[in-house]
Q: 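For reference, the structure I am asking about is given below.
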Amino acid sequence: MSFLGNFTPQWIEAQFLLWRDDPEKLGAEWRAFFDGFELGESEFPGKKCLDPELALKQSAVLSLIYRYRDIGHLLACTDPLSPCKIDHPLLSLAAFGLEPADLERTFYVKRCRRSPSPGVPDDPECMTAQRQAATLREILAIMRQTYCRSIGVEFMYIQEPAERQWLIDRMETVRNRPQFSVEEKLVILGKLREAALFEGFLNRKFMGQTRFSLEGGEVLVPQLDAVVTQAARFGVSDLILGMPHRGRLNVLANVFRRPLENIFAEFKDNIELGVVGEGDVKYHRGFSVDRELPDGSRIHLTMSVNPSHLEAIDPVLQGKCRARQDRYGAGAAKKVLPVLIHGDAAFAGQGVVAETFNLSQLSGYRTGGTLHIVLNNQIGFTTLPVDARSSRYATDAAKIVMAPVFHVHGEDPEAVIFATRLALEYRQTFGRDVVVEIICYRRRGHNEGDEPFFTQPLLYERIKERLPVHEIYAAWLRESGVSERDLGEPGEGFQKRLEEALTKEATAVDRGFGGEWKNFRREYSSTSPETGVGRPTLTDLADTLAKTPAGFSPHPRIAVFLKRRCEAVRNGEGIDWGTAEMLAFASLLKEGTSIRLSGQDVRRGTFSQRHSVIYDIKNEDIFVPLATVAAHGAAFHAFDSMLSEYAVLGFEFGYSLESPNNLVIWEAQYGDFANGAQVVIDEFITSSETKWERANGLTMLLPHGLEGQGPDHSSARPERFLQLCAENNVQITYPSTPAQYFHLLRRQVKQPFREPLIVLTPKSMLRHPLCVSRLEEFTSGRFREILPGTGNPEKIRAVMLCSGKIFFELLERILRDGREDIDLVRIEQFYPLRKDLLGEALQRYGSGVHFSWVQEEPANMGGWSFIRPYLSEFLGKEPRYVGRTAAASPAVGFPRIHREKQEQILEEAFTY
Ligand SMILES: Cc1ncc(C[n+]2csc(CCOP(=O)(O)OP(=O)(O)O)c2C)c(N)n1
């Protein structure tokens with residue numbers, strides 16, 4: 001039945017009137033229908049009565065064209081393991097009210113766009129020049145050749161007319177299959193053969209060793225080779241690639257040209273290669289190289305380090321690229337190209353993929369578009385697509401940003417390379433993400449020790465029958481007239497290189513700490529640098545930061561807020577947390593350190609404590625006071641992030657990898673939510689140095705403290721971070737005063753090395769009258785990892801060791817009750833623990849003093865488990881534990897119970 005068959009004439013008439021009023025009121029198909037109707041009518045000016053059947057058919061043809069562009073991919077022949085589809089009910093002639101007899105009829109296929117603005121006439125030149133006629137048979141052939149051969153394209157959801165037309169123009173003119181020169185074809189063939197030979201060689205020489213063979217998807221190698229060549233032509237200077245296990249060694253060998261002997265050395269378990277730290281398996285390590293191409297152009301290629309956690313690299317790579325783009329300056333989005341390779345199961349299954357797409361157009365996070373390649377081998381370990389996703393395509397997550405997706409037959413290398421070049425050109429032109437999916441298969445099991453016939457016996461019978469793609473392509477070239485001489489022997493030369501490399505010594509390896517990192521020390525050292533800032537500088541900064549531009553109208557409460565901050569600094573006392581942070585930022589900016597602060601609502605601050613960006617209440621113009629004090633090329637950027645932890649923290653980790661001279665900060669809305677990014681914490685932040693020799697100086701601000709807000713706004717889970725500590729991999733702090741926070745932030749930049757900094761930050765303490773500092777605490781000194789007691793040791797009978805917020809609750813009670821028998825020792829930095837300072841702090845007291853560890857967190861959380869063995873060692877006995885009993889949830893849901901429990905802890909602490 002025709003698509004018109006379901007509608008009454010009255011309904012169509014009503015639609016027509018709507019269309020006359022504004023075509024945008026109708027969906028795309030109905031717009032095409034009435035456009036066609038109008039076109040038919042305009043062919044016969046003055047003729048009142050047009051043959052209605054002809055007009056309907058003309059419209060139907062335009063609908064058909066539209067629909068082929070839209071869903072022609074449903075008929076595309078892209079799967080090497082399945083027969084090609086021949087028909088689809090939505091694409092049959094009947095679906096449009098057309099019939100075979102119409103095939104020889106002539107229809108108009110190009111029409112002029114109606115002027116979008118009322119009163120502006122349609123372009124008359126276009127009305128005559130662009131109209132073309134063709135028979136339906138010809139039209140259908142073009143549509144089928146373009147959209148239903150080896151490339152299926154999804155792009156009609158793109159809402160930008162210019163982008164859509166750009167793609168149409170490039171695809172339909174060449175029917176999605178351009179002519180490659182014989183030379184180009186032979187390069188493709190050579191790369192396919194190298195890819196196959198490499199796998200075959202490893203299979204023979206290192207039988208059974210895991211390498212995650214690329215066999216079945218070898219086309220990835222000529223494809224990436226084409227990306228490199230094309231990118232260099234476009235003026236890309238840096239190509240940064242993130243890819244998982246499958247085919248990674250092959251890509252390193254055949255695209256990055258990593259010395260083969262180095263790859264083999266890793267198979268021989270040659271730890272002589274200079275790995276520092278714990279190291280990682282060979283298919284996770286990073287590599288970078290400058291490649292010079294035959295035309296003389298140069299491009300720097302980076303293979304980013306990669307954990308096993310599939311897709312975790314996606315946001316990290318984005319952050320890395322963005323940092324490099326920021327460093328290169330204006331126009332760098334076109335020069336630094338992010339490329340991400342994905343497996344089909346991981347791309348469909350891992351939520352971080354969608355999160356990363358969501359970052360792609362945000363001003364603080366965009367990277368000018370990413371080229372995504374999905375190597376769809378139609379299986380994930382032993383799981384088939386039917387169990388791996390609910391979406392039709394493995395790539396459907398890309399549609400959230402309306403990225404064009406090219407699905408390409410993995411045994412048609414020319415189609416793969418054509419689609420990839422077009423995708424790259426699209427990225428360079430529009431600065432948006434784009435996806436090329438290679439549909440192929442996996443010749444072997446998931447890894448080299450795996451038996452695929454256990455779970456997919458029939459599928460693997462079919463796979464067994466497939467010839468290697470280089471053989472298929474060589475046969476195709478032979479048939480199309482390329483001579484045997486030109487085709488040559490598979491592997492000439494390359495086989496020899498492989499054999500030679502097997503006997504060669506490995507060469508020096510990339511050990512990190514180059515480029516931006518070359519001035520940093522690898523080793524952690526515990527000495528805190530001096531981080532004070534002179535009084536005149538601080539008061540000047542406070543003055544400057546309190547000013548708003550002439551004519552700018554801040555909210556009246558913000559005006560008061562700015563004034564109070566400034567007064568506190570001028571008066572030299574009562575400086576709160578937010579002011580301390582502002583002074584740390586401002587002084588660093590003035591000294592030339594750029595600052596990037598990112599996280600949910602960080603500009604204002606979740607607790608309204610920061611106000612780093614101020615809004616004009618009359619027009620919402622913004623003003624960033626900190627930007628006005630930056631000097632020596634430094635910049636201050638605060639970005640309110642999208643509501644994600646995983647992708648955003650990953651992004652900031654990547655950013656910090658690339659910019660060790662900057663202060664890069666991620667702030668959690670509440671510390672609790674950081675566990676949404678646990679993969680980034682485990683796999684990158686705390687372990688990247690020991691695995692890959694990639695240090696980083698990322699700072700994480702995690703609001704923490706039990707304040708009766710329930711289980712989920714209370715704990716940054718310090719115990720989790722403390723469990724990850726070893727080998728000086730991270731700094732875990734819970735500073736108690738604004739001045740300590742000031743010195744800590746400055747220390748992060750002034751240290752001669754870089755290690756991640758975790759800061760448990762306050763919530764209610766932001767406004768607590770005791771949680772303030774005097775200016776002289778800022779003007780000299782350094783961050784103090786341990787704050788010893790201040791009482792008279794002669795009078796002290798009990799010492800309470802504690803950290804963070806509970807200190808103030810204990811202090812309040814000491815002050816209230818005038819207790820001179822009690823002293824408080826604060827652990828401001830748990831890790832690396834300054835045992836020397838802790839020892840000094842405890843040695844002040846005479847014998848017979850009672851020592852307690854006091855915390856508000858349950859016993860299985862907070863700092864207790866971590867600190868307990870150290871305290872036992874120092875004291876020669878177990879300290880008393882005062883705090884909540886072990887609990888499954890960090891805090892209770894009822895404020896009254898919270899208060900009662902908190903009171904009990906204090907009571908108990910003071911009863912010794
Ligand atoms: C987050 C995560 N979960 C599970 C695994 C274990 N694993 C390794 S490879 C793999 C299958 C991946 O399938 P696909 O993404 O299609 O890539 P392929 O191996 O087929 O190339 C799985 C489940 C992992 N590495 N990461």
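Read the numbers this way: they start at 1 and go in the same order the structure lists the ligands and their atoms.
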Q: Is His309 near ligand 1, meaning one of its heavy atoms is under 4.0 Å from it?
A: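 Flag set, His309 near ligand 1.
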Q: Where is the nearest protein heavy atom to atom 15 (O) of ligand 1: which residue, which atom, and how far?
A: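 Going atom by atom, the protein heavy atom closest to atom 15 (O) of ligand 1 ends up being Ala346 N, 2.9 Å.
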Q: Which of the numbered atoms in ligand 1 are under 4.0 angstrom from any heavy atom belonging to Asn377?
A: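 Every atom of ligand 1 under 4.0 Å from some heavy atom of Asn377: 18 (P), 20 (O), 21 (O).
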Q: Using a 4.0 Å heavy-atom cut-off, which part of His446 comes near ligand 1: side chain, backbone, both, or neither?
A: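 For His446, only side-chain atoms sit under 4.0 Å from ligand 1.
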Q: What protein heavy atom sits nearest atom 23 (C) of ligand 1, and how far off is it?
A: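 Ranking protein heavy atoms by distance from atom 23 (C) of ligand 1, first comes Phe381 CD1, 4.1 Å.
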Q: Mind checking whether Trp692 and Phe684 have ring centres under 6.0 Å apart?
A: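 Yes, ring centres under 6.0 Å apart.
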Q: Who's the nearest protein heavy-atom neighbour of atom 13 (O) of ligand 1, and how far?
A: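 In this structure, atom 13 (O) of ligand 1 has Gly380 CA, 3.2 Å as its nearest protein heavy atom.
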Q: Between Glu218 and Arg193, does any side-chain N to carboxylate O distance fall below 4.0 Å?
A: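 Not counted as a salt bridge, because no side-chain N and carboxylate O are separated by less than 4.0 Å.
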Q: Please report which non-hydrogen protein atom sits nearest to atom 17 (O) of ligand 1, along with the residue it belongs to and the distance in Å to one decimal place.
A: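 Sorting protein heavy atoms by distance from atom 17 (O) of ligand 1 puts Gly343 CA, 3.7 Å first.
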Q: Establish whether atom 6 (C) of ligand 1 and some protein heavy atom are separated by less than 4.0 angstrom.
A: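 For atom 6 (C) of ligand 1 the answer is no, since every protein heavy atom stays at 4.0 Å or beyond.
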Q: For atom 2 (C) of ligand 1, which of Leu310, Leu214, Asn376 has the closest heavy atom?
A: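 Comparing heavy atoms across Leu310, Leu214, Asn376, the nearest one to atom 2 (C) of ligand 1 lies in Leu310.
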Q: Just to be sure I read this right, does ligand 1 sit under 4.0 Å from the backbone of His245, its side chain, both, or neither, counting only heavy atoms?
A: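 Looking at His245 and ligand 1, just side chain atoms fall under 4.0 Å.
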Q: Check this for me: Gln723, atom CD, are more than 12 non-hydrogen atoms of other residues, nucleotides or ligands nearer than 6.0 Å?
A: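 No, the 6.0 Å shell around CD holds no more than 12 heavy atoms from other groups.
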Q: If you take the centroid of each ring, where Trp contributes its six-membered ring, are His73 and Tyr147 closer together than 6.0 Å?
A: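 No - the distance between ring centres of Tyr147 and His73 does not fall below the 6.0 Å cut-off.
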Q: Could you tell me the residue and atom name of the protein heavy atom closest to atom 25 (N) of ligand 1, and the distance to it rounded to 0.1 Å?
A: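 The closest one turns out to be Ser308 O, 2.9 Å.
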Q: Does the pair Cys84/Cys77 show an SG-SG distance of less than 2.5 angstrom?
A: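 Looking at Cys77 and Cys84, their sulfur gamma atoms lie closer than 2.5 Å, so the answer is yes.
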Q: If you have a sec, work out which protein heavy atom is nearest atom 21 (O) of ligand 1 and how many Å separate them, to one decimal?
A: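 Of every protein heavy atom, Arg246 NE, 2.9 Å lies nearest to atom 21 (O) of ligand 1.
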Q: State which residues pass side-chain contact (heavy atoms from CB on, under 4.5 Å) with Ala423; sequence neighbours excluded, sorted by chain then number.
A: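 Ala423 satisfies side-chain contact (heavy atoms from CB on, under 4.5 Å) with Leu371, Phe406, Val434, Val436 once adjacent residues are dropped.
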Q: My understanding is that only residues two or more places apart in sequence, or in another chain, count here; which of them pass side-chain hydrogen bond (donor to acceptor under 3.5 Å, both in side chains) with Thr78?
A: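 Scan of Thr78 (side-chain hydrogen bond (donor to acceptor under 3.5 Å, both in side chains), adjacent residues dropped) gives none.
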Q: If you measure from the Lys or Arg side-chain nitrogens to the Asp or Glu carboxylate oxygens, is any gap between Asp433 and Arg427 under 4.0 Å?
A: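 Answer for the salt bridge query: no.
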Q: Give the residue and atom name of whichever protein heavy atom lies nearest to atom 3 (N) of ligand 1, and the separation in Å to one decimal.
A: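 For atom 3 (N) of ligand 1, the nearest protein heavy atom is Gln350 NE2, 4.5 Å.
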Q: Relative to the heavy atoms of Ala345, which atoms of ligand 1 are at a distance of less than 4.0 Å?
A: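 Checking each atom against Ala345, I get 13 (O), 14 (P), 15 (O), 16 (O).
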Q: For residues His284 and His309, establish whether the separation of their ring centroids is below 6.0 Å.
A: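 No, the ring centres sit 6.0 Å or more apart.
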